[in-house]
There are 2 protein chains.
Amino acid sequence: MSDFTNARGYPIGEMSKRTGVNIETIRYYERINIMPKPDRTAGGNRQYNHDQLKRLSFIKTSRELGFSIDEIRALLEMVDREDFTCGEVHGLTIGHLASVREKIKGLRKLEKALVGMAAECSQGNVPDCPILETLFQTRTRSKPALPT
Amino acid sequence: MSDFTNARGYPIGEMSKRTGVNIETIRYYERINIMPKPDRTAGGNRQYNHDQLKRLSFIKTSRELGFSIDEIRALLEMVDREDFTCGEVHGLTIGHLASVREKIKGLRKLEKALVGMAAECSQGNVPDCPILETLFQTRTRSKPALPT
DNA sequence: TCTTGCTTCTGTAGTGGCTACAGACCGCAT
DNA sequence: ATGCGGTCTGTAGCCACTACAGAAGCAAGA
């Protein structure tokens with residue numbers, strides 16, 4: 001058990017362990033410029049500092065809350081500029097909340113439709129299935145949103 | 001207004017109009033073998049028949065219900081083999097229903113978290129934002145599922 | 001010092017489910 | 001014959017990663 005103090009910096013594996021972000025994903029974040037290029041050892045291995053650890057945590061938490069990379073990029077830009085207002089951040093959050101609610105709505109419709117279909121099914125051994133009949137029905141105008 | 005009777009067959013654009021599936025997507029479905037290779041005109045343009053129209057409708061409806069391509073492939077294989085039982089289809093549907101419910105659950109957690117964060121925010125003009133503070137918090141063990 | 005064995009490196013390609021071109025050809029009406 | 005829209009193939013891009021291959025770094029033990 002080695003202890004990584006601030007002084008030495010964290011290798012990428014330690015960053016991964018501490019944040020739960022996959023190593024490959026950390027390098028990916030660097031490539032798309034939401035993580036900065038870290039220092040390197042003499043041999044060329046990445047060495048991260050504590051701020052970078054915090055930043056990666058931020059990204060991870062935000063992703064888990066369903067923010068897209070672009071939304072996170074926007075949040076991080078505000079932070080980096082250091083001139084953001086709380087209202088801006090609130091706006092972004094509310095916008096994201098709305099899209100989450102949209103998704104939930106869509107999925108609930110699906111749920112209903114699936115429950116309805118399954119309920120009609122006798123589950124018997126006969127190859128005469130009301131589910132398939134429903135699926136084969138000619139299409140109507142309606143256009144429920146696909147979940148993404 | 002031309003009428004496409006069974007005899008002549010439908011060109012791809014007509015298929016697209018009737019099902020709401022994008023032309024490019026129809027060709028994609030052929031490439032991944034969930035739509036059969038249709039007849040061609042002398043000049044090489046696709047000509048679909050009524051069965052193929054029904055099949056495409058089936059796929060579209062199933063996609064709208066959130067079935068993955070692989071699930072649809074499984075359903076279609078049953079249909080093609082003509083030896084499926086209603087129970088099998090029911091099983092697939094129930095399985096899909098479960099995954100839809102999982103997604104809803106995950107999204108509701110997100111919703112709650114976002115609402116909580118937003119509520120704490122004064123929306124003021126000061127750059128001292130409880131939302132960002134939350135996002136910057138050091139990570140815990142918990143690992144809410146990402147919506148996909 | 002050398003070896004062992006884990007970690008990390010770069011670069012590229014794959015995932016799902018499409019979508020978006022470019023540049024050529026088809027087919028039908030006038 | 002001409003014009004114009006529909007269609008063709010093939011390839012590359014989207015998002016957010018993930019999965020390699022093959023080489024090189026690095027720390028601990030013999």
Side-chain angles (χ1 to χ4, degrees), chain A residues 1-4 8-35 37-48 56 59-74 76 96 99 103 143 145-148, chain B residues 1-4 8-35 37-48 56 59-74 76 96 99 103 143 145-148:
Chain A
M1 277 278 155
S2 45
D3 63 334
F4 297 94
R8 247 179 292 302
Y10 317 104
I12 198 167
E14 184 65 20
M15 291 286 277
S16 176
K17 259 173 233 152
R18 292 202 183 203
T19 58
V21 177
N22 200 316
I23 290 180
E24 322 267 34
T25 306
I26 298 173
R27 288 196 283 251
Y28 168 72
Y29 285 162
E30 183 182 331
R31 209 163 61 241
I32 64 170
N33 295 313
I34 63 175
M35 281 296 287
K37 288 186 197 306
D39 286 348
R40 301 285 183 136
T41 62
N45 286 15
R46 288 170 180 80
Q47 287 220 290
Y48 292 93
L56 187 56
I59 295 170
K60 170 77 170 178
T61 306
S62 305
R63 283 296 294 133
E64 284 178 354
L65 288 168
F67 285 95
S68 71
I69 293 289
D70 270 356
E71 285 169 327
I72 294 170
R73 208 191 294 276
L76 285 170
H96 176 56
S99 83
K103 270 188 201 166
K143 204 182 171 185
L146 274 181
T148 40
Chain B
M1 277 277 159
S2 44
D3 63 336
F4 296 94
R8 246 179 293 301
Y10 317 104
I12 198 167
E14 185 65 19
M15 292 284 278
S16 176
K17 259 173 233 152
R18 292 203 183 204
T19 58
V21 177
N22 199 316
I23 289 181
E24 322 267 34
T25 306
I26 298 173
R27 287 196 283 253
Y28 168 72
Y29 285 162
E30 183 182 330
R31 207 161 65 241
I32 64 170
N33 295 314
I34 63 176
M35 281 296 287
K37 288 186 198 302
D39 286 349
R40 299 286 183 136
T41 62
N45 285 13
R46 288 172 179 79
Q47 287 220 289
Y48 292 93
L56 187 56
I59 294 170
K60 170 76 169 178
T61 307
S62 303
R63 283 297 294 134
E64 284 178 353
L65 287 168
F67 285 95
S68 72
I69 293 288
D70 271 355
E71 285 169 329
I72 293 170
R73 208 191 294 277
L76 286 170
H96 176 55
S99 84
K103 270 189 200 165
K143 203 185 172 186
L146 272 181
T148 39

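Each chain gets a letter, A, B and so on, in the order the sequences are listed, and its residues count up from 1.
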Answer whether the closest heavy-atom distance between the side chains of [X] and [Y] falls below 4.5 Å.
X: A:Met35; Y: A:Met15; answer: yes
X: A:Arg40; Y: A:Arg46; answer: yes
X: B:Tyr48; Y: B:Leu56; answer: no

> Taking all non-hydrogen atoms of both residues, which atom of A:Gln47 and which atom of A:Gly9 are closest, and how far apart?
Replying inline: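 Between these two residues, the closest heavy atoms are NE2-O, 3.9 Å.
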>> I need the minimum non-hydrogen distance between B:Arg63 and B:Ile69, along with the two atoms involved.
In response: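 It is CD-CD1, 3.9 Å.
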>> So, does A:Tyr29 get its side chain near the phosphate of D:dA16, meaning an N or O under 4.0 Å from OP1 or OP2?
In response: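 Answer is no, no contact under 4.0 Å.
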> Does B:Arg40 place a side-chain N or O at less than 4.0 Å from the phosphate oxygens OP1/OP2 of D:dT9?
Replying inline: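 Yes, within the criterion.
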Roughly, in whole Å, what's the span from [atom1] in [X] to [atom2] in [N]?
X: B:Lys37; N: D:dT7; atom1: NZ; atom2: P; answer: 19 Å
X: A:Glu14; N: C:dC6; atom1: CD; atom2: P; answer: 18 Å
X: B:Glu30; N: D:dT9; atom1: CD; atom2: P; answer: 7 Å
X: A:Ile23; N: C:dT10; atom1: CD1; atom2: P; answer: 12 Å
X: B:Lys60; N: C:dG17; atom1: NZ; atom2: P; answer: 14 Å
X: A:Phe67; N: D:dC15; atom1: CZ; atom2: P; answer: 18 Å
X: A:Ile26; N: C:dT8; atom1: CD1; atom2: P; answer: 9 Å

>> Classify A:Ile32 by what it touches in the nucleic acid, base, sugar-phosphate, or nothing, heavy-atom distance under 4.0 Å.
In response: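 Nothing, no nucleic acid heavy atom in range.
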> C:dT10, C:dC18, D:dC8: which one has an atom nearest the side-chain heavy atoms of A:Arg46?
Replying inline: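 Between C:dT10, C:dC18, D:dC8, the one nearest the side chain of A:Arg46 would be C:dT10.
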>> Which nucleotide wins on minimum distance to the side chain of A:Pro11, given the candidates D:dC8, C:dT8, C:dT10?
In response: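 Per side-chain heavy atoms of A:Pro11, the pick is C:dT8.
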> Rounded to the nearest 0.5 Å, how far apart are NZ of A:Lys17 and OH of A:Tyr10?
Replying inline: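 Answer for the NZ-OH pair, A:Lys17 versus A:Tyr10, is 13.5 Å.
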> How long is the span from the OG1 atom in B:Thr61 to the CD1 atom in B:Ile72, to the nearest 0.5 Å?
Replying inline: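 Those atoms lie 9.5 Å apart.
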> Using the C1' atoms of five pairs at each end, what's the angle between the two axes of the helix from C:dT1-D:dA30 to C:dT30-D:dA1, to 10 degrees?
Replying inline: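 Inter-axis angle at the termini of the helix from C:dT1-D:dA30 to C:dT30-D:dA1: 30°.
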Atom pairs, N/O to N/O, protein against nucleotides 19-22 of chain C, distance under 3.5 Å?
from: C:dT19; atom 1: OP2; to: B:Thr25; atom 2: OG1; distance (Å): 2.9
from: C:dA20; atom 1: N7; to: B:Glu24; atom 2: OE2; distance (Å): 3.4

Sequence neighbours left out, what passes side-chain contact (heavy atoms from CB on, under 4.5 Å) with [X]? Give chain and number order.
X: B:Tyr28; answer: B:Arg31, B:Ile32
X: B:Ser99; answer: B:His96
X: B:Ile23; answer: B:Ile12, B:Ser16, B:Arg27

Can you pull every protein N or O that's under 3.5 Å from an N or O on nucleotides 23-28 of chain D?
from: D:dC26; atom 1: OP1; to: A:Thr41; atom 2: OG1; distance (Å): 2.4

>> Both B:Ile12 and A:Ser68 contact DNA chain D. Taking the nearest nucleotide for each, which residue is further toward the 5' end?
In response: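 Final value for this comparison: B:Ile12.
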> Between A:Thr19 and A:Ile59, does a side-chain contact (heavy atoms from CB on, under 4.5 Å) hold up when you go through it step by step?
Replying inline: CA-CA 10 Å; A:Thr19 58; A:Ile59 295 170; over 6 Å; no
